[in-house]
Amino acid sequence: MARAVSTRRQVAVSILAWVVALAIFFPILWTVLTSFKTEAEAIASPPSFLFFDWTLENYGEVQERSDYFRHFMNSVVISLGSTLLGLLIAIPAAWSMAFVPARRTKDVLMWMLSTKMLPPVGVLIPIYLMFRDLGLLDTRTGLVIVLTLINLPIIVWMLYTYFKEIPGEILEAARMDGATLWSEIVHVLTPMAVPGIASTLLLNVILAWNEAFWTLNLTAAKAAPLTAFIASYSSPEGLFYAKLSAASTMAIAPILIIGWFSQKQLVRGLTFGAVK
């Protein structure tokens, strides 16, 4: 009887998980399908799901109108640059907070996390004026800096959590063997925290890739990433659903592929230290 109840519970949980997953994935699926429709079919009522005249015309028009690969390279440089810069800053910071905590360490961590609760629009004007005066508007460098700053609290918090799971005795043994501070961080701590660092890197690449507020307000043309590429298809002349869906599909495809192939590493890193 206990086995029957357990089986029913497993089936119910599995069904619920599939329903939630499909509900989350359905908008993406609908966007992809709409990208293969004509504009007339995209706004048809009732809408057609699979039985329509499939076409690649939207993708051709999107590429002809906008330079997809330029926006793609901007997104790659901005997301990877901001994530790597954030890791260079956050690894030593998380090390000091995890292994050499001060009296105010927890207060500092909470203060860093509280900055994520501030609406971005609240600091848009001062950052915009500073970037204008420093010549950083519509530049990759400017976006790398601002995305590093807004994601740095998450990077530090994640690395701090992973580092806390590593026994301090291992680092003490390295010091007794003559390891310098740099060697301790690079050759001892970092290799042991590879799953956590990798998941932090992947998560922050995704966050930087999807960031729209700052990329739309601090760029115009030269450094515009794929978020601006998508936004360019919403214009006063009208909202072209099929072309907008094609642009959205082209923008999200790289990050979806990366997420699919790295999902095991991401899950392993996010649960690093949780199961002993």
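This is a predicted model, so every value here is computed, not measured. Only this structure's heavy atoms are used, side chains among them; waters, hydrogens and symmetry mates stay out.
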Which atom pair, heavy atoms only, marks the closest approach of [X] to [Y]?
| X | Y | value |
| --- | --- | --- |
| Thr139 | Ala223 | C-CB, 3.5 Å |
| Tyr59 | Ala246 | CE2-O, 3.8 Å |
| Phe163 | Phe99 | O-CZ, 3.3 Å |
| Leu147 | Ser82 | CB-CB, 3.8 Å |
| Ala224 | Asn74 | O-ND2, 3.0 Å |
| Ser248 | Thr31 | CB-CG2, 3.9 Å |

Q) Can you list the steps and then say if Trp209 with Ile78 is a side-chain contact (heavy atoms from CB on, under 4.5 Å)? A) CA-CA 8 Å; Trp209 189 280; Ile78 292 166; over 6 Å; no
Validation row: [X], [Y] side chains within 4.5 angstrom (heavy atoms):
| X | Y | answer |
| --- | --- | --- |
| Thr38 | Asp53 | no |
| Asn204 | Leu207 | yes |
| Ile166 | Tyr162 | no |
| Phe36 | Leu56 | yes |
| Asp138 | Leu218 | no |
| Trp54 | Leu33 | yes |
| Arg70 | Phe229 | no |

Anything under 3.5 Å between a donor and an acceptor, one on a side chain of residues 86-96, the other on a protein residue two or more places apart or in another chain? List them.
unit_1 : atom_1 : unit_2 : atom_2 : d
Trp95  : NE1    : Glu184 : OE2    : 3.1
Ser96  : OG     : Pro92  : O      : 3.4
Ser96  : OG     : Ala93  : O      : 2.7

Q. Which residue pairs pass the side chain to side chain donor-acceptor pair (under 3.5 Å) test with at least one member in residues 141-151, sequence neighbours excluded?
A. none
Side chains of residues 249-258: which donor-acceptor partners sit under 3.5 Å, not counting sequence neighbours?
unit_1 : atom_1 : unit_2 : atom_2 : d
Thr249 : OG1    : Ser245 : O      : 2.8

Q | Within one Ile-Leu-Val-Met-Phe-Trp-Tyr cluster: Ile230 and Met73, side-chain cutoff 4.5 Å | A | yes
Q) Hey, quick one: are Leu159 and Trp182 part of the same hydrophobic cluster, counting side-chain heavy atoms closer than 4.5 Å, chains of contacts allowed? A) no
Can you list, pair by pair, the side-chain donor-acceptor contacts under 3.5 Å of residues 108-136, counting residues two or more places apart and other chains?
unit_1 : atom_1 : unit_2 : atom_2 : d
Ser114 : OG     : Trp111 : O      : 2.5
Thr115 : OG1    : Met112 : O      : 2.4
Lys116 : NZ     : Ile150 : O      : 2.8

Distance-only donor-acceptor hits, side chain of residues 210-217, under 3.5 Å, sequence neighbours excluded:
unit_1 : atom_1 : unit_2 : atom_2 : d
Asn210 : ND2    : Ile206 : O      : 3.2
Glu211 : OE2    : Phe213 : N      : 3.2
Glu211 : OE2    : Trp214 : N      : 3.3
Thr215 : OG1    : Glu211 : O      : 2.9
Thr215 : OG1    : Ala212 : O      : 3.0
Thr215 : OG1    : Thr227 : OG1    : 2.8
Asn217 : ND2    : Phe213 : O      : 2.7

Q) Is a donor on one side and an acceptor on the other found under 3.5 Å between the side chain of Glu165 and the backbone of Ala193? A) no
Q | Short side-chain to backbone donor-acceptor contact, Lys37 and Ser48, under 3.5 Å | A | yes
Q: Measure the spacing between CE of Met158 and OG of Ser199 and express it to the nearest 0.5 Å.
A: 4.5 Å
Q) From Glu169 CD over to Met176 CE, what is the distance, rounded to the nearest 0.5 angstrom? A) 12.0 Å
Q. What residues form a side-chain contact (heavy atoms from CB on, under 4.5 Å) with Val20, not counting sequence neighbours?
A. Leu16, Ile24
Q: For the residue pair Trp30 and Phe49, categorise the inter-ring angle as parallel (less than 30°), tilted (30 to 60°) or perpendicular (more than 60°).
A: parallel
